[in-house]
Amino acid sequence: MLAGHHALLGRARIQRVGWWGFPVYELRQDGERLAAMGRAGWFKIFMGRGQRVELADGTRWLLRSVAVGGDIWPVVVDAHGRKVAVAASVHGTYGLNTKDAAYVLYPAGSRRADRQSWRLRHFEDEVAAITRSQRVIEAAVPVPLGVVLLSFVLVRYGLPSDSAPKVPAFTWG
């Protein structure tokens with residue numbers, strides 16, 4: 001992690017460290033804790049109070065969701081309720097935005113069934129690779145921690161609207 005910037009550079013992993021008390025999960029890099037996280041789950045993030053996050057420097061965030069135009073998007077907010085990062089679905093991929101940057105998260109495999117490896121892009125540059133089953137991220141350039149946390153949520157749970165029935169577009173061919 002880059003000091004004071006809340007960004008990740010290099011390899012990090014989410015691992016379980018407890019069951020009931022805080023923290024339940026930690027984002028770790030080289031044996032160092034970058035973030036401690038409370039209990040997770042689809043319902044907790046998208047419908048409940050959210051997942052508590054405490055960064056190594058004591059900064060407190062909440063990973064929860066917001067309703068936007070009939071859809072539900074995951075968002076990371078700070079202790080004052082200000083958005084740190086937000087994610088949404090865009091043309092079959094996921095868009096992740098911070099105050100200063102925009103990223104696209106997409107599956108690396110060509111088949112729908114192959115959703116274990118994911119890639120994170122910033123403009124035309126691939127900036128990170130994420131694996132779902134091992135919950136590992138490898139960032140080639142500094143990636144904001146809010147984007148990292150949202151990437152893990154999207155890789156693991158997707159969005160509620162991902163499973164909504166889709167109606168094929170009608171055209172007057």
Give the table of side-chain donor-acceptor pairs shorter than 3.5 Å for residues 72-84, with sequence neighbours excluded, one pair per line with atom names and distance.
from	atom 1	to	atom 2	distance (Å)
W73	NE1	D71	OD2	3.3
D78	OD1	H80	N	2.9
D78	OD1	G81	N	3.1
D78	OD1	R82	N	2.8
D78	OD2	R82	NE	2.9
D78	OD2	R82	NH2	3.0

- Kindly write out the residues that satisfy side chain to side chain contact (heavy atoms under 4.5 Å, CB included) with A101, not counting sequence neighbours, or none if the list is empty. T98, Y103, H122
- Hits for salt bridge (Lys or Arg N to Asp or Glu O under 4.0 Å) against R64, two or more places apart or cross-chain, chain-then-number order -> none
- Message: Please say yes or no: joined through hydrophobic side-chain contacts below 4.5 Å, possibly via intermediate residues, are F46 and L62 part of one cluster?
- Response: no
- Item | Shared-cluster residues of F123, by chain and number - hydrophobic side chains joined below 4.5 Å | none
For residues 9-26, please give each side-chain donor-acceptor pair under 3.5 Å, one per line with the distance, not counting sequence neighbours.
from	atom 1	to	atom 2	distance (Å)
R13	NH1	Q134	O	3.3
R16	NH1	G18	O	3.0
R16	NH2	Y25	OH	2.9
E26	OE1	R28	NH1	2.5
E26	OE2	R33	NH1	3.4

- Message: Going by the rule ring-ring contact (aromatic ring centres under 6.0 Å, His included), which residues pair with F152 if we only count those two or more places apart in sequence or in a different chain?
- Response: none
- Considering only heavy atoms from C-beta outward, does the side chain of L96 approach that of V86 to under 4.5 Å? no
- Summary of side-chain hydrogen bond (donor to acceptor under 3.5 Å, both in side chains) pairs that have at least one residue in residues 41-53, sequence neighbours excluded: none
- Item | Side-chain heavy-atom pair V147, L105 within 4.5 angstrom cut-off | no
- Message: Any heavy-atom pair between the side chains of V148 and L27 that's under 4.5 Å?
- Response: yes
- If a pair satisfies salt bridge (charged side-chain N to carboxylate O under 4.0 Å, His left out) and one of its residues is in residues 123-137, list it, with sequence neighbours excluded. R119-E126, R121-E124
- Query: Can you list every ring pair (Phe, Tyr, Trp, His ring centres under 6.0 Å) pair that touches residues 48-71, not counting sequence neighbours?
  - Reply: H6-W61
- Which pairs count as salt bridge (charged side-chain N to carboxylate O under 4.0 Å, His left out) when at least one residue sits in residues 145-155, sequence neighbours excluded? none
